[in-house]
Amino acid sequence: MNKNAIFICVFHNEHYIRLLELLLESIYLFGKLRATDIIIYTTQVFKNKIENTSIFENLQHIIYFQINKRSE
């Protein structure tokens, strides 16, 4: 089985978390989740906020985080 990957970067502005939530909801509703991994490159602070979004609960098994170690 082939797998796809979607790479997403979320930095600098908290409003991007809302855009990410809309994107993830679209992927959840219309995507082929079994064939897709989602990799989010962000900061630790934003990672914690993303994990508190409503759509994250539905997608947590396919989302992987890469944390930027640079201080904010």
Side-chain angles (χ1 to χ4, degrees):
M1 176 173 148
N2 291 332
K3 281 211 105 158
N4 298 313
I6 299 172
F7 290 85
I8 304 166
C9 296
V10 182
F11 293 103
H12 303 296
N13 189 330
E14 272 192 54
H15 295 290
Y16 294 151
I17 294 172
R18 177 65 181 133
L19 291 175
L20 173 65
E21 189 174 10
L22 293 170
L23 174 62
L24 293 177
E25 183 175 8
S26 178
I27 292 168
Y28 177 72
L29 292 174
F30 304 108
K32 296 179 180 178
L33 297 180
R34 291 187 179 177
T36 305
D37 288 334
I38 300 171
I39 298 96
I40 300 173
Y41 190 62
T42 191
T43 63
Q44 185 64 47
V45 173
F46 278 23
K47 176 185 183 281
N48 295 337
K49 292 178 181 184
I50 292 166
E51 289 177 330
N52 289 324
T53 62
S54 60
I55 195 67
F56 181 77
E57 188 174 303
N58 295 325
L59 299 173
Q60 63 185 348
H61 65 285
I62 60 165
I63 294 179
Y64 306 95
F65 286 98
Q66 176 63 41
I67 303 301
N68 181 2
K69 300 294 183 188
R70 193 178 114 206
S71 63
E72 294 182 21

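Heads up: numbering here begins at 1 and tracks the sequence. All figures in this text were calculated on a predicted structure; none of them were measured in a lab.
- Using a 4.5 Å heavy-atom cutoff, the side chains of Asn48 and Gln44 are in contact.
- Taking all atoms of both residues into account, the shortest heavy-atom contact from Ile39 to Ala5 is CD1-CB, 3.9 Å.
- Put simply, OG1 on Thr36 and CG on Asn4 are 5.0 Å apart, with the number rounded to the nearest 0.5 Å.
- No more than 12 heavy atoms of other residues, nucleotides or ligands sit less than 6.0 Å from atom OH of Tyr28.
- Counting heavy atoms from C-beta outward, Ile17 and Glu21 have side chains that stay 4.5 Å or more apart.
- Distance check: Ile63 CD1 to Ile27 CD1 gives 8.0 Å after rounding to the nearest 0.5 Å.
- Across all their heavy atoms, Val10 and Tyr16 have their closest contact at CG1-CB, 3.9 Å.
- A 4.5 Å side-chain heavy-atom check between Thr42 and Leu20 finds every atom pair outside the cut-off.
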Q: Please step through side chain to side chain contact (heavy atoms under 4.5 Å, CB included) for the pair His15 and Leu19, ending with a clear verdict.
A: CA-CA 7 Å; His15 295 290; Leu19 291 175; over 6 Å; no
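- The two residues Phe11 and Tyr41 have their closest heavy-atom pair at CZ-CD2, 3.3 Å.
- Rounding to the nearest 0.5 angstrom, the gap separating the CD1 atom in Ile40 from the CZ atom in Phe65 is 4.5 Å.
- Annotation: the span from Asn13 atom CG to Arg18 atom CZ amounts to 14.0 Å, rounded to 0.5 Å.
- Remark: Asn52 CG to Lys47 NZ distance equals 10.0 Å, nearest 0.5 Å.
- The distance from atom CG of Leu23 to atom CD1 of Ile6, rounded to the nearest 0.5 Å, is 6.5 Å.
- At a threshold of 4.5 Å between side-chain heavy atoms, the hydrophobic network of Ile, Leu, Val, Met, Phe, Trp and Tyr places Tyr64 and Ile8 in two separate groups.
- Phe7 and Leu22 fall into different hydrophobic clusters, where Ile, Leu, Val, Met, Phe, Trp and Tyr residues are linked whenever their side-chain heavy atoms come under 4.5 Å apart, directly or through other members.
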